[in-house]
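Structure first, commentary second.
For this chain, numbers begin at 1 and follow the sequence in order. Because the structure is a prediction, the values reported are computed rather than measured. Hydrogens, waters and symmetry mates are skipped; everything else that's a heavy atom, side chains included, is used.
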Amino acid sequence: MIRQQLVEQIFKKRSYLCVGLDTDIEKIPKHLLSNIDPVFEFNKQIIDATKDLCVSYKINTAFYEAMGVKGWETLEKTANYISTEHFKIADAKRGDIGNTSLQYAKAFFETMDFDAITVAPYMGEDSVKPFLQYENKWAIVLGLTSNSGAKDFELQKLITKTDLFDDDIHIEKHDTKFLYEMVLEKVCKWGNPNNLMFVIGATQPDEFLNIRKITPEHFYLVPGVGAQGGSLKEISEKAMMKGSSTNTQCGLLVNASRSIIYASDKENFAEEARTVAQQYQLEMASYLQF
């Protein structure tokens, strides 16, 4: 899916909602356990109930990998069930040396035909480039995450040096930056706004204005709304692309997982999931500009 197609879906549905299918077999309604593939049946009903309210689905591969071969089969069935009008994300957080990343890219972009994959950038450019070489596919690189451990590395301040020259006089300018800021600045040079997004956690709202200055044209995948306490209003006000040249871009995919898919553990779980998704969609519609 190219950027323009994604933008068109956002404004057609008046929504930038991404539904996270982080499906834990221990949390799905008990009446589904008699199915041959209970996780797929759960996902199928969630998708059917929310597909007109969201523009994207994000499959957290860890929940499927944990079930072994059967889990991979469920993952593929779920991915195949999602329609092509939805932006399909493999939340796999891959990132290894180049030849290994190339195999990950083949797995998720060719074998399973995802539109995007989440990627960890900390092994450097050669670990990310293989994902950016696929036409009409996206790497969603971890920028500033929503977990408490973000402070261990991402929110550490580093001293940076800039070499300036004035009338052949060499001047060293020193400044401090968060590590995540340096990551955003560096990674932007590896791709472009048409194949590169960033994961920015909803629980870091005060950083969004600064992040939008660093990456003015990129889309953000924003987890942390709902169960983790992030504010949709605050994110939309601070992170959405605005201005005459960008007011039909939006620049956001806001993910909600547990608050939607586990809205109920009863037989009407899909109806309850739809109710919560619709609440998100209606609020998003109020923030979108034409």
Student check: side-chain heavy atoms of [X] and [Y] closer than 4.5 Å:
| X | Y | result |
| --- | --- | --- |
| P121 | L142 | yes |
| D48 | Y81 | yes |
| I89 | L221 | yes |

Candidate pair K70 and E65, rule salt bridge (charged side-chain N to carboxylate O under 4.0 Å, His left out), full reasoning: CA-CA 9 Å; K70 184 176 177 61; E65 293 174 76; over 6 Å; no
Partner of T23 under side chain to side chain contact (heavy atoms under 4.5 Å, CB included), chosen from L75, N60, N43, T78: N43
W72 and F108 aromatic ring geometry - parallel, tilted or perpendicular at 30°/60° bounds: tilted
Whether F269 and F42 hold their rings parallel, tilted or perpendicular, with breakpoints at 30° and 60°: parallel
Determine the minimum heavy-atom distance between [X] and [Y], stating which atoms define it.
| X | Y | value |
| --- | --- | --- |
| F87 | I140 | CE2-CD1, 4.4 Å |
| A202 | S146 | N-CB, 4.3 Å |
| K151 | Q156 | O-NE2, 2.8 Å |
| N136 | W138 | O-CD1, 4.2 Å |
| K58 | C18 | CB-SG, 3.6 Å |

Pairs involving residues 117-131, ordered by first then second residue, that meet side chain to side chain donor-acceptor pair (under 3.5 Å) (sequence neighbours left out): D91-T118
Pairs involving residues 98-110, ordered by first then second residue, that meet side chain to side chain donor-acceptor pair (under 3.5 Å) (sequence neighbours left out): E110-Y134
Cluster link I211 to V222, ILVMFWY, side chain under 4.5 Å: yes
Evaluation steps, side chain to side chain donor-acceptor pair (under 3.5 Å), between Y16 and N255: CA-CA 9 Å; Y16 39 100; N255 180 81; over 6 Å; no
Residue K77 excluded, over 12 heavy atoms near NZ under 6.0 Å: yes
From K13, Q278, R274, residue fulfilling side chain to side chain donor-acceptor pair (under 3.5 Å) relative to D52: R274
Check: N194 main-chain N/O paired with N192 side-chain donor or acceptor under 3.5 Å: yes
Check: C54 main-chain N/O paired with Q281 side-chain donor or acceptor under 3.5 Å: no
Nearest-0.5 Å distance that lies between atom CG in L21 and atom CD1 in I47: 5.5 Å
Ring-face cation of R212 near Y220 (centre distance under 6.0 Å, axis angle within 45°): yes
Pi-cation contact, F114 with K137 (under 6.0 Å, within 45°): no
Steps toward side chain to side chain donor-acceptor pair (under 3.5 Å) verdict (E207, Y180): CA-CA 10 Å; E207 297 298 322; Y180 88 81; 2.5 Å; yes
